[in-house]
Amino acid sequence: MNLLDDLNPEQLAAVTLPDEPALILAGAGSGKTRVLTTRIAWLIQNGRVGPAGVLAVTFTNKAAREMLSRIESMLPINPRGMWIGTFHGLCNRLLRAHHRDANLPPTFQILDVQDQLSSIKRLVKAGNVDEERCPPRDLQYFINGAKESGQRAAQISGAGHDKLWVELYAAYDAQCQKEGSVDFAELLLRSVELLTRHEALREHYQHRFRHILVDEFQDTNTLQYRWLKLLAGKSGPIFAVGDDDQSIYRFRGANVGNMADFQREYNVQHVIKLEQNYRSHGNILDAANQLIGNNTRRMGKRLWTDAGAGEPLRLFEAGSDGLEAAWIVDEVRDQHRQGARLSEIAILYRANAQSRVIEHALFNAGLSYRVYGGLRFFERAEVKHALAYLRLIANTDDDVSFARIINFPARGIGARSVEQLQSAARAAGSSLFAAIATVDGRAAASFAQFAVLINGLRENAPHMSLSDLVSETLERTGLTNHYRNERDGADRVENLAELVNAAAGFVVEADPGAPAPAPEAGPAEASPAMVEHDLLHAFLAHAALEAGDNQASQGQDALQLMTVHAAKGLEFDTVFLTGLEEGLFPHENSLSEADGLEEERRLMYVAITRARKRLNLSFAQSRMLHGQTRYGMRSRFVEELPEKSVKALTPRLRGGFATAAQGGWPAMGSGAAPRAEVPGAAGAAGAADTHGLRIGQGVRHAKFGDGVVVRLQGSGNDARAQINFGSFGVKELLLTVAKLQPV
DNA sequence: GGAGACTGCGTTTTT
DNA sequence: CGCAGTCTCC
């Protein structure tokens with residue numbers, strides 16, 4: 001079968017573009033991955049490029065794997081010569097190959113978010129910095145933000161309060177350098193600096209990579225785009241695939257502007273729009289199109305389908321979040337009875353906190369479900385402890401790991417002793433591990449014993465298989481025993497056993513990429529801190545870069561619960577989109593940010609376009625959030641859907657509502673919090689003079705439009721009501737004055 | 001050193 | 001409300 005069979009004209013055009021910079025605007029469900037992979041296969045099949053000349057980059061390991069396996073199925077070649085991976089994975093590869101030029105030890109460790117935070121905490125403590133003035137989390141955010149915009153501490157002009165932060169940024173980098181560790185943003189920045197500085201290397205790769213393909217281009221940040229440009233060179237053929245309407249990661253640095261910049265900087269001649277959707281029925285697409293049409297800054301795109309209109313969207317108004325969940329349970333049961341697989345049904349929500357109520361209802365109904373998001377395998381505490389031991393074995397300079405396990409399992413080394421060790425290390429300019437020999441406090445013996453333990457493992461390590469080394473480490477450090485003796489430790493013991501399995505099954509993919517011009521630096525001296533065990537080093541990098549699955553109870557047919565963000569790129573026959581309330585979706589916090597509402601709308605667009613056949617929308621009059629019951633109005637996004645595509649399952653209890661673009665769902669906690677009555681029950685304060693109003697009732701105000709009664713208090717001339725006017729916020733009105741009409 | 005009380009906080013998240 | 005992180009006391 002020909003590669004190009006069954007492609008539509010636009011897909012075909014994209015796949016067979018000449019070797020020029022190109023931008024593909026690929027709408028949801030338009031066959032984006034297919035175009036990307038077929039493009040690569042076509043280029044190779046037609047001899048336009050060899051596998052080694054291809055670089056394809058994605059954001060997630062999952063997407064990279066998917067791409068690889070699809071290419072494998074299309075071509076009878078071993079795709080290992082290609083550089084296909086995540087930005088971070090490819091940077092890791094680059095830096096390992098050129099560690100000397102990048103000024104890194106050959107076995108540098110990768111810090112994940114937690115590691116980075118504890119590293120920063122250590123730094124802040126050591127520097128006697130007031131943690132109030134400099135919360136480690138904020139500093140972490142600051143450092144990552146700076147790195148992602150390509151700035152080193154020296155390049156930031158820090159004045160006043162910022163000065164301390166900039167200093168700490170510099171100190172953090174120095175600490176990482178000393179310990180031989182690299183955080184996620186550093187992988188990118190270091191690579192960019194390497195390529196910028198090292199002309200021969202840059203030219204080597206620019207010559208090598210004849211085709212650079214980028215997935216989800218709208219999600220790239222400034223630094224990632226710079227990285228691409230360095231590898232591509234002036235005219236390099238970058239094949240960028242993206243969808244500005246699905247840009248939902250601005251909050252973590254993604255810059256949609258890269259699409260326009262790319263178009264301009266490379267004078268892109270070919271912008272191809274993929275607008276035919278192969279996923280959803282017409283009503284669903286109509287809803288998506290109409291909704292996203294409310295955004296102003298778009299590149300412009302309109303999805304269409306050959307499929308029929310299908311069923312209308314269904315809209316359900318629930319009295320409370322609990323009732324919303326109960327409705328979902330009923331609907332799911334119906335569908336299940338009619339033969340739908342649970343795994344083809346997704347329940348989506350804006351924020352993770354919303355899942356609890358739904359989980360509760362599903363659990364009681366005996367419906368199996370799987371929640372995405374949450375701790376993943378390599379992020380679990382017990383696994384991280386085990387990895388910390390392995391990392392210390394691999395490299396005794398790794399202070400992050402040292403600090404994590406020096407007293408875990410407990411071996412009588414308290415905080416004071418560790419502090420002593422830390423100042424000793426600082427004074428000597430050595431690692432914590434090396435400083436052990438210099439301390440003579442009361443914990444000296446414990447420290448020495450720890451050193452013996454680690455050194456013993458280090459001596460044996462080079463002669464052991466990886467899995468033997470892991471299991472030996474787990475036993476000799478007492479880690480497994482520690483959890484065996486813990487009441488609820490069974491799961492953790494199991495995870496540790498799983499780690500041994502993972503080690504046993506770990507094979508390093510040899511790096512076939514012709515690595516680079518000969519380095520000009522002197523001989524690489526292996527630091528005595530490093531243990532020789534290539535597989536171990538590769539395994540540790542793998543663990544950091546690929547955190548593994550969440551709780552994968554795969555194989556079982558289960559409902560899929562996740563945030564809308566997590567659902568991006570996925571599709572389901574049936575989707576329940578829940579919590580469509582002002583303040584929640586769009587989220588109140590987004591309204592104060594520039595472009596915040598539009599990003600929320602894009603998020604809604606992503607949510608809608610996940611559904612193939614059935615899309616159920618729901619919202620609740622009241623919702624328990626942060627321990628308080630909040631009364632919300634239905635989301636403006638519901639109003640933005642085409643009426644003819646939406647079927648309301650519940651009578652409209654309240655009239656239309658205010659559409660002002662400002663305001664939101666102000667925290668009602670300020671002042672008096674409404675009590676948690678069920679809407680429709682009698683008013684709150686016992687003696688309240690209600691003027692015929694009830695909590696949860698809809699009312700209309702001349703100026704503020706429609707709202708919901710949130711609280712009633714006082715009586716006589718002092719009778720007041722708090723009313724949530726959606727985008728106008730919550731107002732407290734005197735009932736003797738305000739002209740309120742029930743609706 | 002560790003269990004239990006106490007405080008504060010609470011979008012979205014991959015690598 | 002539910003949690004994570006900190007503090008206190010044994």
Side-chain angles (χ1 to χ4, degrees), chain A residues 57-64 85-92 110-117 121 131 135-137 141 144 147-148 182-188 216 219-221 223-224 247-254 321 348-357 360 372-374 376 378-379 381 407-418 443 446 486-487 541-548 550 562-569 579 583-593 596 599-600 602-604 606-607 623-630 664-665 667 669 673 676:
Chain A
V57 63
T58 63
F59 278 87
T60 67
N61 290 300
K62 196 173 152 207
T86 62
F87 278 100
H88 295 86
L90 296 179
C91 285
N92 178 46
I110 297 166
L111 302 183
D112 69 15
V113 180
Q114 296 174 36
D115 298 333
Q116 185 188 30
L117 183 61
K121 276 183 181 163
E131 283 201 28
R137 292 200 61 101
Y141 186 81
N144 289 336
K147 286 189 178 184
E148 275 159 19
V182 163
D183 59 52
F184 286 140
E186 182 74 23
L187 284 169
L188 257 303
E216 306 275 18
D219 285 339
T220 51
N221 65 29
L223 192 55
Q224 285 158 342
S247 160
I248 55 173
Y249 284 113
R250 206 184 42 127
F251 71 92
R252 67 173 195 219
D321 48 357
L348 308 183
Y349 33 80
R350 176 66 181 82
N352 282 307
Q354 290 167 251
S355 76
R356 190 182 310 281
V357 192
H360 184 75
Y372 288 75
R376 291 166 327 156
F378 286 113
E379 292 169 353
N407 197 37
F408 193 93
R411 48 176 70 86
I413 300 175
R416 277 186 325 285
S417 306
V418 175
S446 305
E486 215 176 45
R487 292 159 305 287
H542 165 81
L545 284 172
E546 190 159 355
N550 312 17
M562 65 192 88
T563 64
V564 180
H565 281 92
K568 188 170 140 197
L584 194 57
F585 200 177
H587 197 277
E588 54 195 331
N589 293 1
S590 72
L591 299 176
S592 55
E593 295 161 26
E599 176 136 328
E600 293 288 305
R602 291 192 290 269
L603 196 51
M604 179 79 178
V606 167
R623 179 173 299 275
M624 186 68 143
L625 215 59
H626 307 326
Q628 285 181 343
T629 305
R630 308 224 282 181
W665 203 22

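The chains referred to below are lettered A, B, ... by the order of the sequence lines, with proteins before strands, and numbering in each begins at 1.
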In Å and rounded to the nearest 0.5 Å, what is the OG1 to NZ distance from A/T58 to A/K62?
11.5 Å

Distance under 4.0 Å to a non-hydrogen atom of chain A counts as contact; along DNA chain B, which nucleotides mark the start and end?
B/dG1 to B/dT15

Could you check A/A415 against A/A185 and say which one's nearest nucleotide on DNA chain B is further toward the 5' end?
A/A415

Taking any heavy-atom pair under 4.0 Å as a contact, classify A/E600: base, sugar-phosphate, or nothing.
base

Of all heavy-atom pairs between A/D219 and A/I248, which one has the smallest distance, and what is that distance?
OD1-N, 4.2 Å

Which whole-number value in Å describes the distance from A/Q114 CD to C/dA4 P?
12 Å

Hey, does A/V113 reach any base, or is it just sugar-phosphate, or nothing, if we go heavy atoms under 4.0 Å?
base

Residue met sooner reading DNA chain B from 5', once A/R350 and A/K62 are mapped to nucleotides
A/R350

Could you classify B/dT11 for me, syn or anti, using a glycosidic angle within 90° of 0 as syn?
syn

Does any non-hydrogen side-chain atom of A/F87 lie less than 4.5 Å from one of A/T220?
yes

Check every strand shown and say whether A/I413 touches a base, only sugar-phosphate, or nothing at a heavy-atom separation below 4.0 Å.
sugar-phosphate

Could you measure between the two P atoms, the one in C/dG5 and the one in B/dT12, and give it in whole Å?
16 Å

With a non-hydrogen cut-off below 4.0 angstrom, is A/F87 in contact with a base, only sugar-phosphate, or nothing?
nothing

Using side-chain heavy atoms (C-beta onward) and a distance below 4.5 Å, is A/H565 in contact with A/R350?
yes

If you look at every strand shown and take non-hydrogen atoms under 4.0 Å, does A/R356 touch a base, only sugar-phosphate, or nothing?
sugar-phosphate

From NZ of A/K121 over to C1' of C/dA4, roughly how many Å is that when rounded to an integer?
10 Å

Out of curiosity, A/H88 NE2 to A/E546 CD, how far, rounded to the nearest 0.5 Å?
13.5 Å

Using a heavy-atom cut-off of under 4.0 Å over every strand shown, decide if A/N352 touches base, sugar-phosphate, or nothing.
sugar-phosphate

For a quick check of understanding: with a heavy-atom distance under 4.0 Å over all strands, which category does A/F184 fall into, base, sugar-phosphate or nothing?
base

Output yes when a side-chain donor or acceptor of A/N407 lies under 3.5 Å from a complementary backbone atom of A/G414, and no otherwise.
no

Using a 4.0 Å heavy-atom cut-off, does A/E593 contact any base of the nucleic acid, only the sugar-phosphate backbone, or nothing at all?
base

Listed partners of A/N352 passing side chain to side chain contact (heavy atoms under 4.5 Å, CB included), at least two apart
A/Y349, A/T563

Base, sugar-phosphate, or nothing for A/D112, non-hydrogen atoms under 4.0 angstrom?
nothing

